[in-house]
Protein chains: 2
Amino acid sequence: MLAIGEFSRFTHLSVRTLRRYHDAGLLVPAEVDTATGYRYYSAEQIPTAQVIHRLRELDVPLADVREIVGSADPDDRASLVADHLGRLEAELDRTRAAVASLRRLLAPEPASLDVELRVVPAMTVAAVEDDVALDDVLGWYAGAMAELDAVVAEPVGAPGGLYDNALFEDGRGHLLVYRQATEPPHVGRVRPATLPAVELAVAVHRGAHDDIEVTYGELGTWVVDNALAVAGPVREVYLVGPRDTADASAWRTEIGWPVFRVGSPDPTDRTSHPV
Amino acid sequence: MLAIGEFSRFTHLSVRTLRRYHDAGLLVPAEVDTATGYRYYSAEQIPTAQVIHRLRELDVPLADVREIVGSADPDDRASLVADHLGRLEAELDRTRAAVASLRRLLAPEPASLDVELRVVPAMTVAAVEDDVALDDVLGWYAGAMAELDAVVAEPVGAPGGLYDNALFEDGRGHLLVYRQATEPPHVGRVRPATLPAVELAVAVHRGAHDDIEVTYGELGTWVVDNALAVAGPVREVYLVGPRDTADASAWRTEIGWPVFRVGSPDPTDRTSHPV
DNA sequence: CTCCACCCTCCCTCGGGGGGAGAGTCCACG
DNA sequence: CGTGGACTCTCCCCCCGAGGGAGGGTGGAG
């Protein structure tokens, strides 16, 4: 039996950290003296401590580490680890995108943006909608769009989506993706939905979505400069997207933001607008 | 002028976050109503907010972000950003190493370790020593070893080092790297030092240092099984290392841990042992 | 028996974010 | 001009995973 200090020396985990891992149930000492509270570890626990050490180096949350080292089945263990490695990979992709975008932000080429004010009538479309967390947006979008494509017989024009501003404010919000169709079906999650008539400030973003914030910002500047304010879920239309070409630089995304004139706002509710 | 909510919609930064960035001095509103405390932003601040957004996605600490967006000189800015990208790169290397090591830990081949108990006499060597933070160890080691190599005329045997356990407990500790030499010089940071006589439990680690913890653990297990305890800074000797071959799998690192018999400890101070 | 390294628990701090309470403000509409 | 409701303010609590340090109890060798 090893006192905590000795165990610390063998595992290169600090005494403090070992105590935390005990409290968190990650690495329970082989024996705890009930009278004194002294923790005693066995040499067999060293390999476990090393696995925990590595997992923590990979920023696996303590709760997940507990799962992993606690699961008897090596298959479970492997799949839990694989899950986290997948998350790391996704994180890495995001980091790469942020680096690329940052470079472009810091080496700015002031490409002026064409913004158009467009009155859009109400239209009934085939839609899938749900409340979605920001982290899940990409996955949800892919699933919803696939379902739409599967059931909409004669789509018209490019697909689009409506994005609740709360998505960015609260980390989750209402999403709606749609296709225009002559006869919107009602199958599975797909159902007919009516998008309200709005006045949109419309700009077209060119290229991959890494930099789409820039276009949002320029659109915002334009809106302000024209004495307008925004008023509801933003609309995106995927004129050219990954479904059309793998060449991201050719993508075209139309961003339309509902606006109203400051001083004479839209009569409809501007914040809890149904999407 | 934009109220915080409107600015939030244009930048996709939450209202809370914008307030924090104001408090932290990252993004000070163009105007603050002194009477009401209301924050008002100008459209010109949108690009700045976007840069901040990207930097934060890259986990640049708020203080560094303040530096970056606050620096007028674009060269300063670029170098600060480059610094952080370098840190991200180093982080990535560490992650890769941890992943590789984890895989090996989870697919264990119980290669039994040969451990030898060795009595080592005191010896006088050419040494460089200092208190070093854990994060700086690699850099410090490289510099110290280069300096040693430059001034030690006739080195004998392989280079080695002594590592204070406090390094892992407190994140910093005393390090000493040495070369044996017929006549230890006293030049620059290099000076003669006498390593005390100790009894060592010695094992040889094979391969890159990613997995060296495993050998430490096995050595620890052996120490415990033989009714011993460890007693001072660990010694490593680089029998075959990066200086010898780029093939990491051929590296050989001797790990020697000072031990004493439990029940009759070493007479010298076992924790604050001078290295 | 004494000494002192060791171990215990408890609470504070930090960074970057979120939740929510309670109060004040803005402004379009009636 | 008053009112209501969306908006904003500040303030305090929580989260995670780590560290600092106080204050007090234990183990074991001399």
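In what follows, every chain begins at residue 1, and chains take the letters A, B, ... in the order their sequences are listed.
Evaluation of atom-type donor-acceptor distances gives no pair under 3.5 Å for the side chain of B:Arg19 against the base of C:dG17. Between the side chain of A:Arg56 and the base of D:dG17, no donor-acceptor pair under 3.5 Å is found. Contact of A:Tyr38 with D:dG25 (side chain to base): a donor-acceptor pair of N or O atoms is detected under 3.5 Å.
Mapping B:Tyr40 and B:Ala63 onto DNA chain C by nearest heavy atom places B:Ala63 at the nucleotide closer to the 5' end. When each of B:Ile4 and B:Arg16 is assigned the nucleotide of DNA chain D bearing its nearest heavy atom, the one mapping closer to the 5' terminus is B:Ile4. In terms of position on DNA chain C, the residue among B:Asp59 and A:Arg39 whose nearest nucleotide sits closer to the 5' end is A:Arg39. Toward the 5′ end of DNA chain D lies the nearest nucleotide of B:Gly5, the other residue of the pair A:Asp33 and B:Gly5 mapping further downstream.
Between B:Trp257 and A:His12, the angle of the ring planes lies from 30° to 60°, which puts this pair in the tilted group.
Regarding contacts with the backbone of D:dT8, every side-chain N or O of B:Thr36 stays at 4.0 angstrom or more from both OP1 and OP2. Using a 4.0 Å cut-off, some side-chain N or O of B:Ser14 falls inside it from OP1 or OP2 of C:dG18. Taking only side-chain nitrogens and oxygens, B:Arg20 comes nearer than 4.0 Å to OP1 or OP2 of C:dG18.
For the pair B:Gln50 (side chain) and A:Glu213 (backbone), a donor-acceptor distance under 3.5 Å is present.
Of the residues listed (B:Leu55, B:Val65, B:Leu18), the one engaging B:Leu26 in a side-chain contact (heavy atoms from CB on, under 4.5 Å) is B:Val65, and it is the only one.
Using a 4.0 Å heavy-atom distance criterion, A:Ala3 is classed as a sugar-phosphate-only contact.
The closest side-chain heavy-atom distance from B:Arg39 to B:Arg19 is below 4.5 Å.
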